[in-house]
There are 2 protein chains.
Amino acid sequence: MAARECSIANALAVVGERWSLLAIREVMFGVRRFDQIARNTGASRDILTTRLRKLVDVGLLERERYEEHPPRYEYVLTESGQALHTVLLALMDWGDRHITRGEPPTVLEHTCGHTLHPLTVCAHCHEPVVPGGTTVVRMHQP
Amino acid sequence: MAARECSIANALAVVGERWSLLAIREVMFGVRRFDQIARNTGASRDILTTRLRKLVDVGLLERERYEEHPPRYEYVLTESGQALHTVLLALMDWGDRHITRGEPPTVLEHTCGHTLHPLTVCAHCHEPVVPGGTTVVRMHQP
DNA sequence: TCCCTCGGTCCTGTTTTCCAACTTACCCGA
DNA sequence: TCGGGTAAGTTGGAAAACAGGACCGAGGGA
């Protein structure tokens, strides 16, 4: 215990459990219903229940009733949840390049009309950020 | 089972288990030794052993002997491992903005001399990618 | 009426994970 | 030579997480 304090660790404490990011992927792709999310992710239903509840509790999802009779619910992303799209894009791009064999299973298009290949740049100079192109200014030591 | 085929899922199958990304974070920040990685992540030693072994097996890390007598090892990132830096940066930025309260615990500087704030842009038009700014062209349905 | 859907809950057994102590192999200083 | 320290794990037992399937309640449709 008494590990390094870090926003990566904090982020993973919220979305790092198994199935959480896949559930968010589904909602981001427009799949909002419990049964569909369960089917598409492959998570067992009870685990998915606890994951979705946690994501609602921490404010990444909202559970909205979309039908009164019978009561039916759907999950929608909050602003914090939507902000995770950069993480999912980075993960998908990395998976496409280094893990998945063959063609990318999912292809996205940017509003500019071209196939989306995400690129991470420095918000200040707009140059791409390359591995080793950063230095640590300040960091918590455990 | 029989879930959606997707590079996000494939990526998470490799680095999605608890402690894996934190171990990679440490190596990326220059911490290469077992004991230090264990201390800084907070992972228990046995779990860390299996995680590091898996990361070596899938080719994200290499285990190198840096001392013959006694035998001592250190972990270094392969190119695939280094490529994960975009994922970690996205996660850290999201954590800084939406999870961590107060100041970011870790501050990085870009080679341009300014504090690094990563920005995800489209590699083609160089415009920022915003939530909902993409459409799905092709996708596997389970 | 009977069967179906949706959004879960419950139960049971298997896997993982956690935690602390132990091990091996060597170095160092007194 | 004795004791202590470090590095990189192993081991064993308890606790937690997970998988998979049955079940449930409120309604819908034929």
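Chain letters run A, B, ... following the sequence lines, proteins first, then strands; residues in each count from 1.
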Legend entry - Separation of atom CZ in Phe34(B) from atom C1' in dA7(D), rounded to whole Å: 10 Å
Inset, instruction - Could you tell me whether the side chain of Leu89(B) reaches within less than 4.5 Å of the side chain of His85(B), counting heavy atoms only? - result: yes
Inset, instruction - Please state how far atom CZ in Arg39(A) lies from atom C1' in dG7(C), giving the value in whole angstrom units. - result: 12 Å
Legend entry - Arg18(B): partners by side-chain hydrogen bond (donor to acceptor under 3.5 Å, both in side chains), with sequence neighbours left out: none
Inset, instruction - For DNA chain C, determine which residues of residues 49-60 of chain A have any heavy atom closer than 4.0 angstrom to one of its atoms, and list them numerically. - result: Thr49(A), Arg53(A)
Inset, instruction - Measure from CZ on Arg72(A) to P on dG25(D) and round the result to the nearest Å. - result: 15 Å
Inset, instruction - Can you figure out which of dG8(C), dA8(D), dT17(C) approaches the side chain of Ile47(B) most closely? - result: dT17(C)
Inset, instruction - Report yes or no: do Ser7(A) and Thr100(B) form a side-chain donor-acceptor pair below 3.5 Å? - result: yes
Inset, instruction - Anything below 3.5 Å on both distances counts as a pair; with that, list the stems of at least three consecutive Watson-Crick or G-U pairs involving DNA chain C. - result: C:1-30 with D:1-30
Inset, instruction - Using whole Å, report how far CG of Leu48(A) lies from P of dG21(D). - result: 16 Å
Inset, instruction - With sequence neighbours left out, write down each residue that passes side-chain hydrogen bond (donor to acceptor under 3.5 Å, both in side chains) with His98(A), or none if nothing qualifies. - result: Ser80(B)
Inset, instruction - Measure the shortest side-chain to side-chain distance between Leu84(B) and Val87(B) over non-hydrogen atoms and say whether it is less than 4.5 angstrom. - result: yes
Legend entry - Where at least one partner belongs to residues 13-62 of chain A, residue pairs that pass ring pair (Phe, Tyr, Trp, His ring centres under 6.0 Å), sequence neighbours excluded: none
Legend entry - Contact residues, residues 9-20 of chain B to DNA chain C [heavy atom, < 4.0 Å]: Arg18(B), Trp19(B)
Between the protein and nucleotides 10-15 of chain C, are there any N/O to N/O pairs under 3.5 Å, and if so, what are the atom names and distances?
from: dC11(C); atom 1: N4; to: Asp46(A); atom 2: OD2; distance (Å): 3.4

Legend entry - Length of the OH-P vector between Tyr66(B) and dC27(C), whole Å: 13 Å
Inset, instruction - Using the test side chain to side chain contact (heavy atoms under 4.5 Å, CB included), find all partners of Arg65(A) that sit at least two apart in sequence or belong to another chain. - result: Glu68(A), Pro71(A), Tyr73(A)
Show me the donor-acceptor pairs within less than 3.5 Å that the side chains of residues 102-115 of chain B make with the rest of the protein, sequence neighbours left out.
from: His114(B); atom 1: ND1; to: His124(A); atom 2: ND1; distance (Å): 3.1
from: His114(B); atom 1: NE2; to: His124(A); atom 2: NE2; distance (Å): 3.2

Legend entry - Pair listing, side chain to side chain donor-acceptor pair (under 3.5 Å) test, anchored in residues 20-38 of chain B, at least two apart: Arg4(A)-Glu26(B), Glu26(B)-Asn40(B), Arg33(B)-Tyr66(B), Asp35(B)-Arg45(B)
Legend entry - Heavy-atom side-chain proximity of Arg53(B) to Thr49(B) below 4.5 angstrom: yes
Inset, instruction - Please state how far atom CG in Asp35(B) lies from atom C1' in dT24(C), giving the value in whole angstrom units. - result: 14 Å
Legend entry - Integer-rounded Å distance: dG8(C) C1' and Ile37(A) CD1: 13 Å
Legend entry - Distance below 4.0 Å between Tyr75(B) side-chain N/O and dA7(D) OP1 or OP2: no
Legend entry - Pairwise distance CD(Glu127(A)) to SG(Cys122(A)) - rounded to 0.5 angstrom: 8.5 Å
Inset, instruction - Round to the nearest Å and state the distance from Leu22(A) atom CG to dA19(D) atom P. - result: 11 Å
Legend entry - Presence of Arg65(A) side-chain N/O under 4.0 Å of dC6(C) phosphate oxygens OP1/OP2: no
Inset, instruction - Output yes when at least one side-chain N/O atom of Tyr73(A) is less than 4.0 Å from OP1 or OP2 of dA26(D), else no. - result: no
Inset, instruction - Linking directly or through intermediates, with side-chain heavy atoms under 4.5 Å: list the remaining ILVMFWY members grouped with Leu119(B), chain and number order. - result: Leu119(A), Val121(A), Val121(B)
Inset, instruction - Would you check if Leu21(A) and Leu12(B) make a side-chain contact, meaning some heavy-atom pair closer than 4.5 Å? - result: yes
Distance-only criterion, 3.5 Å: show the donor-acceptor pairs between side-chain atoms of residues 55-64 of chain A and protein atoms not counting sequence neighbours.
none

Inset, instruction - Tell me which nucleotide among dA19(D), dC18(C), dA7(D) gets nearest to the side chain of Ser44(A). - result: dA19(D)
